[in-house]
Amino acid sequence: MRMPGKIVIFILAFALLFPGVASPQNFNFREIEARVLEYRKWLDQVGSNGFRYWVRLDSSKRPHKLYVGEGFMQAGREDKEQFIEIFSRFLAGHPEKNMLIDIFDASTGKAIGEYGFGGFKLF
């Protein structure tokens, strides 16, 4: 009956003796914050007041709905994919994680693509 208490003590002792192994991952949070801040600055430049790659974001539901503008439509395939990938990482708040995004044309409101487990797809 006292087994759960012994397991907790064992886990705590292991964590104290081997802190590098016991911690989930050793992240440099300042580096992550700096990278996400760079993403934000770049996204502001290509946003509605810049190249108009994106006009607005609806994050009330998942996946996020990203409404893209004329700049996105005129960009090449690689530029579009890089933009969506950076936007996804910005939304996730981490340079190595991604967020699911549905892509909509801002002028028509129609779905034109998605970014998710299958990668970047335009319809």
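The shown structure was predicted, so the numbers you read here are calculated from the model rather than taken from an experiment.
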I'd like to know whether CZ of Phe120 has more than 12 heavy-atom contacts from other residues, nucleotides or ligands below 6.0 angstrom.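 Atom CZ in Phe120 is packed in, count exceeds 12.
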More than 12 heavy atoms of other residues, nucleotides or ligands under 6.0 Å from CZ of Phe123: yes or no?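 Correct, the count exceeds 12.
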Using 0.5 Å steps for rounding, measure from the [atom1] atom of [X] to the [atom2] atom of [Y].
X	Y	atom1	atom2	answer
Leu57	Trp54	CG	CH2	6.5 Å
Trp42	Tyr53	CH2	OH	6.5 Å
Arg89	Ile32	CZ	CD1	12.5 Å
Asn98	Ile86	CG	CD1	11.0 Å
Leu91	Ile84	CG	CD1	9.5 Å
Glu96	Arg35	CD	CZ	7.5 Å

Let's go through Asp44 and Tyr39 carefully: what are the C-alpha distance in whole Å and the side-chain angles of both, what is the deciding distance for side chain to side chain contact (heavy atoms under 4.5 Å, CB included) to 0.1 Å, and is it a yes or a no? CA-CA 9 Å; Asp44 286 343; Tyr39 292 160; over 6 Å; no
Could you walk me through whether Val68 and Phe104 pass the side chain to side chain contact (heavy atoms under 4.5 Å, CB included) check? CA-CA 6 Å; Val68 295; Phe104 289 83; over 6 Å; no
Heavy-atom check, side chain of Ile101 versus side chain of Pro63, under 4.5 Å: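 A side-chain contact is absent here, since even the closest heavy-atom pair is not under 4.5 Å.
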Within 45 degrees of the axis of the six-membered ring of Phe72 and under 6.0 Å from its centre: does Lys80 put its NZ or CZ there?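 Judged by the rule, Lys80 and Phe72 form a cation-pi pair.
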Among Glu81, Met99, Glu85, which residue meets the side chain to side chain contact (heavy atoms under 4.5 Å, CB included) test with Tyr115?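 Looking at Glu81, Met99, Glu85, the match for Tyr115 under the side chain to side chain contact (heavy atoms under 4.5 Å, CB included) is Glu85.
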Give me the atom names and distance for the closest heavy-atom approach of Pro95 to Val36.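 Closest pair (atom of Pro95, atom of Val36, distance): CD-CG2, 4.4 Å.
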Which heavy atom of Glu114 sits nearest a heavy atom of Ile103, and at what distance?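 Closest heavy-atom pair between Glu114 and Ile103: N-CD1, 3.8 Å.
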Pairs meeting criterion side-chain hydrogen bond (donor to acceptor under 3.5 Å, both in side chains) with involvement of residues 64-77, two or more places apart: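 Output for this query lists Arg52-Glu70.
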Any chain of hydrophobic side-chain contacts (each under 4.5 Å) joining Leu43 to Met73?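 Linked, Leu43 and Met73 end up in one cluster.
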